[in-house]
Amino acid sequence: MNANEILETIEMIDNEDLDVRTITMGVSLLDCAGPDPDAAAGRVYDKICRYAENLVRTGEDISRQYGIPIINKRISVTPIALVAGACPGASPVRFAQALDRAAHTVGVNFIGGYSALVQKGFGPGDYALIESIPEALSGTELVCSSVNVGSTKAGINMDAVEKMGRIVRQTAELTADRDCIGAAKLVVFCNAPEDNPFMAGAFHGPGEPDCVVNVGVSGPGVVRAAIKKSGAGLSLTEIAELVKRTAFKITRMGQLVAQEASRRLSVPFGIVDLSLAPTPAIGDSVAYILEAMGLEQCGAHGTTAALALLNDAVKKGGVMASSSVGGLSGAFIPVTEDAGMIAAARSGCLSLSKLEAMTAVCSVGLDMIVIPGDATAEIISGIIADEAAIGMVNSKTTAVRVIPAIGKQAGEELDFGGLLGQGPVMPVNTASPAAFIHRGGKIPAPLQSLKN
């Protein structure tokens with residue numbers, strides 16, 4: 001990097017909200033499994049504390065030394081359903097409690113991996129874990145949960161989709177006195193990546209090493225500032241080139257932090273996830289990037305096309321900056337966590353239907369969307385099924401993190417505070433998909449799954 005590039009990066013950090021959103025340590029818990037659930041939970045706690053005891057301090061030291069904000073330090077673990085399967089008949093909630101204690105002990109922001117992978121069917125620990133999610137998330141503070149219900153290779157497990165509609169609603173009901181926060185820590189995936197460092201969907205996949213460090217960078221404010229500063233009069237082709245160059249610089253910073261964290265913790269470096277992850281802070285918004293391209297407001301016709309350009313350019317720029325790009329990598333569109341999305345949803349310009357269309361070209365799916373508290377479990381399952389179908393057919397990750405606002409109707413507000421933000425309750429289509437959802441079974445994998 002030359003002097004101008006260094007000064008440019010300093011400007012990004014000081015004035016454009018550039019940061020490393022998270023350093024996430026992935027820890028395998030497969031060797032903690034055993035028939036005695038209390039002993040297994042004890043081993044889970046001990047291993048996490050042993051491996052991650054220096055994670056927070058290391059992140060803070062790197063931040064001070066290089067002047068790079070590192071917002072979150074997190075842990076992801078092996079899907080707990082795999083560990084709980086070794087002790088059938090015992091409640092998996094004791095593992096959630098062990099995860100929560102360990103997260104508090106080492107001082108991380110969140111711990112992810114209270115998860116099950118059921119895209120092709122249910123294993124011994126899967127039923128129990130899924131049924132325990134409402135109790136686990138309502139009784140812990142830092143634990144995040146995810147369930148993968150489909151994939152391009154396997155199709156969609158509609159029995160799991162039906163279950164998850166009910167589980168999301170029950171989780172919201174059990175935390176209704178805390179703005180339904182439990183549902184904000186629960187994600188339902190199709191094609192879930194095994195190395196995602198971002199919550200609430202992070203887990204440490206079975207194919208990952210015993211321990212690894214993954215880094216998630218951010219920078220919507222940087223991309224927006226670049227377009228505002230240099231984008232006047234540019235064609236969309238030239239805008240794409242500008243975004244690629246900006247994403248390259250953002251990812252190089254993430255690569256530096258990841259390699260340094262790996263060296264100091266003596267843990268292998270996994271991936272850099274170069275996602276543009278917004279915050280409620282003014283300016284740090286994916287919606288504002290789309291508006292800087294020429295849309296009057298996010299949600300207008302043309303929004304999906306603009307998001308497709310942005311997502312593709314971010315991936316291309318990031319891949320050139322690191323040989324270890326992974327996770328989700330692209331553009332996130334969480335409504336309550338993005339100031340521009342919040343404004344567009346409040347004005348009515350951004351609807352749930354438009355968000356669903358946008359998920360066909362972004363990096364995740366319907367994320368942090370508040371829906372009316374009287375939305376039925378079947379409606380939630382229908383939303384999950386639609387998103388899973390988009391992911392399955394397009395060979396991409398999609399997810400649903402919706403929060404039924406118990407006791408609230410469309411147009412009212414829910415406020416989580418902090419990084420999770422706030423937002424309006426968005427209306428849903430109330431026509432019932434119940435008969436379809438309750439058929440159960442499986443939606444077969446599409447023809448494009450046959451790639452061998």
Side-chain angles (χ1 to χ4, degrees), residues 116 118 122 126-127 129-138 145-150 156-190 200-201 334-336 345 348 350-357 359 364-392 398-414 416 423-443:
V118 296
F122 297 93
D126 295 327
Y127 276 114
L129 183 129
I130 290 173
E131 291 294 336
S132 74
I133 287 173
E135 180 184 354
L137 295 187
S138 64
S145 179
S146 60
V147 177
N148 192 71
V149 298
I156 302 172
N157 181 348
M158 289 300 293
D159 294 321
V161 169
E162 187 274 335
K163 275 183 174 294
M164 290 313 300
R166 176 171 49 81
I167 293 299
V168 169
R169 180 163 181 83
Q170 288 177 357
T171 305
E173 290 172 346
L174 285 181
T175 54
D177 59 334
R178 289 166 278 165
D179 291 314
C180 308
I181 188 67
K185 300 186 293 176
L186 173 59
V187 185
V188 185
F189 273 114
C190 177
V335 174
T336 70
L350 184 63
S351 66
L352 192 58
S353 296
K354 186 60 178 179
L355 281 163
E356 183 180 300
T359 64
V364 190
L366 295 172
D367 195 19
M368 288 304 293
I369 296 171
V370 185
I371 61 174
D374 59 2
T376 65
E378 291 83 3
I379 286 175
I380 298 169
S381 292
I383 293 171
I384 293 168
D386 284 344
E387 272 305 294
I390 290 173
M392 176 185 71
T398 51
V400 171
R401 183 164 48 149
V402 294
I403 302 96
I406 306 302
K408 294 182 182 291
Q409 296 297 321
E412 297 185 68
E413 296 270 329
L414 204 60
F416 303 105
V425 180
M426 300 181 69
V428 299
N429 189 327
T430 57
S432 176
F436 174 74
I437 295 299
H438 290 307
R439 286 181 182 272
K442 177 180 176 182
I443 295 179

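Source: prediction; values computed, not measured.
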Would you say [X] and [Y] make side-chain contact, with heavy atoms under 4.5 Å?
X: Val370; Y: Pro424; answer: no
X: Leu186; Y: Val168; answer: yes
X: Pro372; Y: Val428; answer: yes
X: Ile380; Y: Val400; answer: no
X: Leu352; Y: Asn429; answer: no
X: Met158; Y: Arg439; answer: no

Qualifying residues under ring pair (Phe, Tyr, Trp, His ring centres under 6.0 Å), relative to Phe416, sequence neighbours excluded: none

Looking only at heavy atoms, what is the nearest atom pair of [X] and [Y], with distance?
X: Met426; Y: Leu350; result: CE-O, 3.3 Å
X: Ala385; Y: Ile156; result: O-CD1, 4.3 Å
X: Val425; Y: Glu413; result: CG2-N, 4.4 Å
X: Cys180; Y: Ala172; result: SG-O, 3.8 Å
X: Ser381; Y: Gly165; result: OG-CA, 3.2 Å
X: Val335; Y: Ile369; result: CG2-CG1, 3.7 Å

Straight-line distance of [X] [atom1] to [Y] [atom2], nearest 0.5 Å:
X: Thr398; Y: Ile384; atom1: OG1; atom2: CD1; result: 11.0 Å
X: Phe122; Y: Asp159; atom1: CZ; atom2: CG; result: 6.0 Å
X: Ile133; Y: Leu174; atom1: CD1; atom2: CG; result: 12.0 Å
X: Ile167; Y: Leu129; atom1: CD1; atom2: CG; result: 9.5 Å
X: Cys190; Y: Ile390; atom1: SG; atom2: CD1; result: 10.0 Å
X: Ile443; Y: Met392; atom1: CD1; atom2: CE; result: 6.0 Å

Worked verdict on Lys163 versus Glu131 for salt bridge (charged side-chain N to carboxylate O under 4.0 Å, His left out): CA-CA 8 Å; Lys163 275 183 174 294; Glu131 291 294 336; 2.8 Å; yes

Pairing residues for Ala357 by the side chain to side chain contact (heavy atoms under 4.5 Å, CB included) criterion, not counting sequence neighbours: Thr304

Pair listing, side chain to side chain donor-acceptor pair (under 3.5 Å) test, anchored in residues 170-184, at least two apart: Arg169-Glu173

Residue pair Ile383, Glu356: steps toward the side chain to side chain contact (heavy atoms under 4.5 Å, CB included) verdict: CA-CA 9 Å; Ile383 293 171; Glu356 183 180 300; 6.0 Å; no

Side-chain donor/acceptor of Asn157 to backbone N/O of Val118, under 3.5 Å: yes

